[in-house]
Every structure is written in C-alpha cells, then in structure tokens.
Amino acid sequence: MECCFPLISDYNRSMNDVAVSIDNPLLAALNPEQRQAVEATGGPLLVLAGAGTGKTRVLTTRIACILMNKLAWPDEILAVTFTNKAAREMAERIDLLLTSPSPVRGEGWGGGNISARQNTPSLTLPPAGGGNSLRWMGTFHSIGARVIRRHAEKLGLTSSFTILDVDDQLRLLKAILAELHIDEKSLPPKLFSAVIQSWKDQGLTPDNITSAQDLQAAGGQAARVYKAYQERLRSLNAADFGDLILHMLTLFTRHPGVLEEYAKRFKYILVDEYQDTNVAQYLWLRLLASFHKNICCVGDDDQSIYSWRGAEVGNILRFERDYPNARTVRLERNYRSTPHILAAASAVIANNRGRLGKTLWTHVKDGEKIRLKSVWDEREEARFIGEEVEDMQKKGIPLGGMAILVRAGFQTRAFEERFLTLGVPYRVIGGLRFYERAEIRDAVAYLRIIASPADGLAFERVINIPRRGIGQATMQQLHTVARNLNASLYNATMHLLKTGEIKGKLASSLQRFIDSCERWRKKLDELTLPEIVDLVLEESGYRAMWQQEKTPEAAGKLENLKELSRAVGEFENINNFLEHVSLVTEAANADSNADMVSLMTLHAAKGLEFDAVFLPGWEEGLFPHQRAIDESGARGLEEERRLAYVGMTRARKKLTIAHAANRRIYNQWQSSVPSRFIAEIPQEHIETLDGGVYGSAQSGGNGNWKDEVAAILGGAPKKEESHFARGARVFHQKFGYGRIESSSGGHLDIAFEKAGHKKVLADFVKPA
DNA sequence: CGTTTTTGCCTTTTT
DNA sequence: GGCAAAAACG
C-alpha cells in the first residue's frame, strides 16, 4: 500500500519554523538533547529514547510548547499511545505543565514509578485526553474507533457498531468453520484468529491476500475464512480490534477526501513507543503525516518486545528513509539506574545486531553491583527472594518499590506461595483484567442487548445464563430461522414466538427474556445507568445465580458486579460506557496505593521502574525461552535479549538475578544451565552471592564456569530424564526429527515432524 | 438439556 | 499437576 496522497505542499512551512522561544521556562528543566527534541517542531523527527532517559517528559513538554506558542490548537494535535494508561499519564502531565507556572525541577521524573502512580480502577476514569482538550490524544484503537464511527457508513457499518472481544471473535469463527465444513479438530478457531489477526496487523484486507505463503495458511483455508469472517462482522455491525486500525486504512485509501480532511487537520503528530507499531499502524501514520509532515516518533529499538503481536522494529529502523528530511535525536542520559546496572544492561544488549545503537550514561557515581544468586530449585529461589525482600524492607525500602519480574506467568506461583507463608503483601499485575472476567462480560452482554438488540453474540452469550432451559437444539433452530429471514437472533426469536413455532415451557421462557429486554430498554430514559444495571442483574436472575453459590469466588463475583454498577455511573449514556469497556482493559485492583511487592511478567513491566528489581529464572530454555528460539531463531533470541534489557533497566538501585539448577515445569523436573545472558554481563559488574549450589564454581571468576555448571549438573539426580528436556529437538533413526513432548523413566513421547506422535525409548534417540 | 468423565492444553498478550 | 473445554452419559 503506497502512500497515494498527492496534496503535498509546504503552505504551512513558515508557521512550523517559528522557533520555540528559548527563555521558555519549560525548557529550562531539560538536558540539551531533550531540548533539541522539543524544539525541533518543524518536520519529521525520530527520538531514540533509551530506557529511563525521560521520553515521556520530552513528549509532554513538546506538546505543551506547541500549545503555548500557538503553533497549533489542541484539536490539531494527534498524539497516539498504545495503552490507555500511557495516554492518561501524558494528559495529566501536560495539564501540569500548562497550569503550573514553574515546572517541577529535578532529575528525571522520567518513567512511571508504580508506587507513586495512582493505579486507580480505570473503568471509572473518563477517556484520556479530556482535561486539556487534547481531543486526539489516545490509543491507536480508541482513535480508530472514533474515526470509524464518524465515517461508518463508508465502511458498511453504522455509527453504533459494536467492538468484539476475543470471546466473541472465537465464537464467530467457530460458527463460520462449521458453516464452511472445516474440521475444528485439525484447524482450531484459534489458529484462524491468529492468522487473521496477523493479516490485519499487516494492513491486509481479504482482497489483498495474494502471496503463496498466505494462501496456504491454515491448511489453505484461512483466506476464505477471513473473507467470510469479515462479511459476518459487517452483517453483525461489528468490528474486532484489528479492524479498528484496518478500517481506517481502507477509509483513507478509498476516500481521499476523508484522508485530506484528517491529514490537514493534524498539524502535529506524536507517537509514543514507536518500536511497537505494526505495519497497519505504520501505514496509517504515514498517510496522516503526508500533508504537514510534522511527525515525531519516540521509541527505543532495544525495547521492542512485541514482535509476536505484529510489532515491526523495522518501522523505527526505516524512519530516516521514509522521511528524507528527518532529524534524529538520541536521548542517552539515563536518570534512573546506577552505573553498574546501566553498564550491565548495555553489555547484554550490545550482543544484538542491527541496532540503531545508543550508549546510556549517567552522572551518578556510586551504586551497588548486580547480585547474582544460584539456587537449587524454584522453591529455594522463592525462599531466597522472600528473605531478600524482608531484608530490604527492614533497611527502609518500601515493598511498593520492589518488583519480581518473570519470563512466564507460571513462575509467579512459587513466589505467591512463599509470600503467603511469610505474610508479605504482594500483588500480581496482569492476569485477568476486569472486563475479561466472566461475570463482567455477562453483565455487559445484557447491556449490549439492551443497547442494540441485533447484537447476536451478546444474545448468544447470555440467553441461557442463568439457565433458562435453552440449549444447543434451540439455539440451532434460532440460528437457522435468523439466517433464513436475514434477521438477528433477537428478531428471529420474536418471529418464532409470534408464529407459535415454539411452544410450551421453552416459549414462555424465551418470551420472558424478550419481554424483560424490552422493558429494560424502555427504562433507559427514566433511570440512571447504575439503576439500569441493578435492575437487569436483579430481574434477569443473574445476581441470584451467584448468590445461590456459596463459594468464595461467587462472593468475589458479586463484588465485581457491584463495582460495575458503580462504574457505569461515570458515563453519560450506555453507549459511552460500552465503548469504554471494550477499549479499556485494566484491572480494577482497588487498593493499589498499598505497600506491596509487585509480581509481573517482563512484558508487563515495560515502562515501570522500581528501587529494587528481582529477575528470577535466568536459565536456558526458560529465559531465553526455548520456544522463542525454536520459532524465530536468531530473531527470537534477540527479542529475548531485549526482554532481558527491559528487565534490567527497570531497576533504580538494586538488581538481583537468580537462576535455579532444577525447575519443575508441569510436574516434570528439568535441570538447566544458567542463561547465556548472565554470561554476557561483564564480571566487574557482578557480585556473586554464596550459598547457592554452585556459587563456588562461579566465584572462581574464570570464563568457563558454564562448563563447570554443566559438569555439576551431570551429577544431579534424574540425569537421564533431564538429558532430554521437554521441547528439545531430537533425532531418531527411523522417525527422523522431532520434538520431545514428555518423558518418563526412559520413555519419551515425541512429536515427529514427519511420522507424527510416537512413544519411543530414550536409548534410540539422540539430540539433534 | 444438564451432569459427569475425558481430553488437551501449558510464553509473552498494550487494545 | 491442574484447569478448562469437549465428549459422553443419563
């Protein structure tokens, strides 16, 4: 998709070149590079902002300066982020800059400090960008939704289209697979969902699926499923997350007039976390920037950790080629970490190739070395970190200033158990989000039916929750009738009731459901939203359903429902609320101000910082993760390394890395070798703690300790089993290459590439 | 149609 | 090993 926008002119040039006044007090608080990035308001600008170098500060000051110098009105600035949190934070900080005459001085109020941040339940907050009337500040998806609603009819939708969640998507795909007679077993809906998602990330509509490789995806079925899926979405007046970007591209390329309107409007475009943009987002930005060309992208190629979600580091690497007059500013002065931490992180990331390259430095002189701890297994790891946490707390570091960052979700369990026995307060960040909880989705589905009865997916979700005696057979009948009449499930139900085709108990049950919906809809005008929610939860019997269940989970669910009815009060109407709930996905963890240790994945930690950071599980196979290497080879390994870099640079003062010799994964003991990333840290930045199994092997300080470790492991119990680790690639004389699925007592369960699944004796297999 | 049993998952997941 | 979704059963 080439940029097809012909209206390139320089009519606005003179205005853009007005220099931001030097005596601006906002600039006084910046270092020279930051100031450059803020002052270069005319033309394309790439800001390479290393971890902890104050990129949010640059972005917000830049916007504040543009406004103060009246280079543009607030609604002529487009500022895009990836998360609602980032958008909200930016809005707050711009407000602060514009209202307080003398800005807060001091080094780096750089990244977000979780203990200082109000992590309030965002369900109740208004959409970001409200306060300072920056109407076009938000996430790619929220801006997409807004643009698409405005021009919905050009895309075959109405302005009230619904945004599907992942559940809805899968349910829809499942129905389509059934219609197309595609076997769900061999080609599961999830596979199609992934392929379609990745196509949308690349900006490919069904008509654009032409490459041989794409046409073969998912057994050669993906292209036609994609087509059918998009048709179904349109007939349901719905869009999925990917569509929120893809439809904008379609809109802009098919209707140049619309593109012109937006491209002319946005005199300044700012993009946060540019390294995380996918191709579709990249194309979209390029179209919008084609007129004024005042696009400022801030990012860090070393922190690109979402390629598996379609992010293209290439976007940042090619910026200078795409915008010939682009300026590049590097932010390299780090305001967060001590020298040892910075040097270690820099040394690790230096092993990656194809970087744009930055050298972080700090004026801070002192600071501790990184501490490295070897432990026997994950229980000892948890015990060690638990002790350290208590120790640091005694020394005055609040629990809220500590975090344990893991590669994979299951790792948090050992720590949770440990903290529970120690009585150390902790919180797990990530995991199930508020709106993803089943009870919230159910309640929202009821609201969706009230707001738009044609919402068949919502109808299907709750028609039998609580139980109304409507099962598969009835649903099938409803679907058939709906298809024949070209009507919604809701209308089909009404039709069947009218004609008397459904009788008896079933009919009265359905009738009651329909009557209730009608009644609730009529009340929309008289009652407030919380009253509506309460009414629906009460009259539908949904709340009663959970009240009858006397489990602790049920109590939690009722709490969440209460929270929901409280939260809707903040919204003007039901549609505002529904839009918000589909686009905002943050956990409503109530008392986030409490002093607690944070447990999260490395991915979830991006953008945060802590006084003390613990990085457990630095073992080959887990980190770098075997699957990343298997699936993406050298590229996968480099992304794992960036993840290591992100993790290390979260720490302000204390950084502790740990690795275990043995780890139980899915109840199988697996012995492991320390992560190669540990070996990439220069010795002079490491302090090796004793007490571990092979602490002595390392303290020798020779470069060969990896071998020693392997030797020690050779003597560890269950050697045979660990020799063939789960996931390891092996070779068998008869069956060829394969991957170990499981092993027990010398018997291996192997998925061979050619021969399929086989059980074989370990003796007949050797590592590939 | 609703219950019980069996099977199949098991890296990360900004919206 | 543990959990959720499908299949089998009543």
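Note on naming: letters A, B, ... go to the chains in the order of the sequence lines (proteins, then strands), and numbering restarts at 1 for each one. From a predicted model like this one, the values you see are computed outputs, not experimental measurements.
Taking Thr81(A) as the reference, nothing meets the side-chain hydrogen bond (donor to acceptor under 3.5 Å, both in side chains) condition, with sequence neighbours excluded. Here Ser160(A) pairs with Thr158(A) under the side-chain hydrogen bond (donor to acceptor under 3.5 Å, both in side chains) rule; sequence neighbours left out. With sequence neighbours left out, the ring-ring contact (aromatic ring centres under 6.0 Å, His included) criterion links Tyr306(A) to Trp308(A), His603(A). With sequence neighbours excluded, the residues satisfying salt bridge (Lys or Arg N to Asp or Glu O under 4.0 Å) with Arg413(A) are Glu417(A). Residues passing the salt bridge (Lys or Arg N to Asp or Glu O under 4.0 Å) test with Glu381(A), sequence neighbours excluded: Arg663(A). For Arg448(A), the side-chain hydrogen bond (donor to acceptor under 3.5 Å, both in side chains) partners two or more places apart in sequence, or in a different chain, are Asp168(A), Asp455(A). Scanning for side-chain hydrogen bond (donor to acceptor under 3.5 Å, both in side chains) contacts around Glu179(A) gives Arg232(A), with sequence neighbours left out. With sequence neighbours left out, the salt bridge (Lys or Arg N to Asp or Glu O under 4.0 Å) criterion links Arg468(A) to no other residue. Residues passing the salt bridge (Lys or Arg N to Asp or Glu O under 4.0 Å) test with Glu579(A) are Arg149(A), sequence neighbours excluded.
Map Leu506(A) and Thr601(A) each onto its nearest nucleotide of DNA chain B; the residue landing nearer the 5' end is Leu506(A). For the pair Asn464(A) and Ala628(A), both in contact range of DNA chain B, the more 5′-proximal nearest nucleotide belongs to Asn464(A).
Arg627(A) has a side-chain polar atom (N or O) that falls below the 4.0 Å cut-off from OP1 or OP2 of dT11(B). In this structure, Ser142(A) does not reach the dT15(B) phosphate: none of its side-chain N or O atoms is under 4.0 Å from OP1 or OP2.
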Find every protein N or O atom lying less than 3.5 Å from an N or O atom of nucleotides 3-8 of chain B, and list the pairs.
residue : atom : partner   : partner atom : Å
dT3(B)  : OP2  : Arg467(A) : NH1          : 3.0

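Once the 5.5 Å centre distance and the 30° plane angle are applied, the aromatic ring of Trp308(A) is found stacked with the base of dT12(B).
Here the side chain of Tyr306(A) is nearest to one of dT13(B), dC1(B), dG2(B), namely dT13(B). If you check dT11(B), dC1(B), dT15(B) against the side chain of His625(A), the one that comes closest is dT11(B). The side chain of Ala408(A) has dT12(B) as its nearest neighbour among dT15(B), dC1(B), dT12(B). For Glu631(A), the listed nucleotide lying nearest its side chain is dT11(B); candidates were dT11(B), dT12(B), dT15(B).
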- [ ] Map every base of DNA chain B to its dot-bracket character, where paired means a Watson-Crick or G-U wobble contact with both distances under 3.5 Å and | marks a partner outside the strand.
- [x] ||||||||||.....
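Phe459(A) has its side chain within reach of Phe513(A): a pair of non-hydrogen atoms, C-beta onward, lies under 4.5 Å apart.
Among the heavy atoms of the strands lying under 4.0 Å from Lys174(A) are primed sugar atoms or P, OP1, OP2 only; no base atom is included.
Nucleotides of DNA chain C with any atom under 4.0 Å from a heavy atom of chain A span, from 5' to 3', dG1(C) to dA7(C).
Salt bridge annotation for Glu639(A)-Arg642(A): present, with a cationic side-chain nitrogen under 4.0 angstrom from a carboxylate oxygen.
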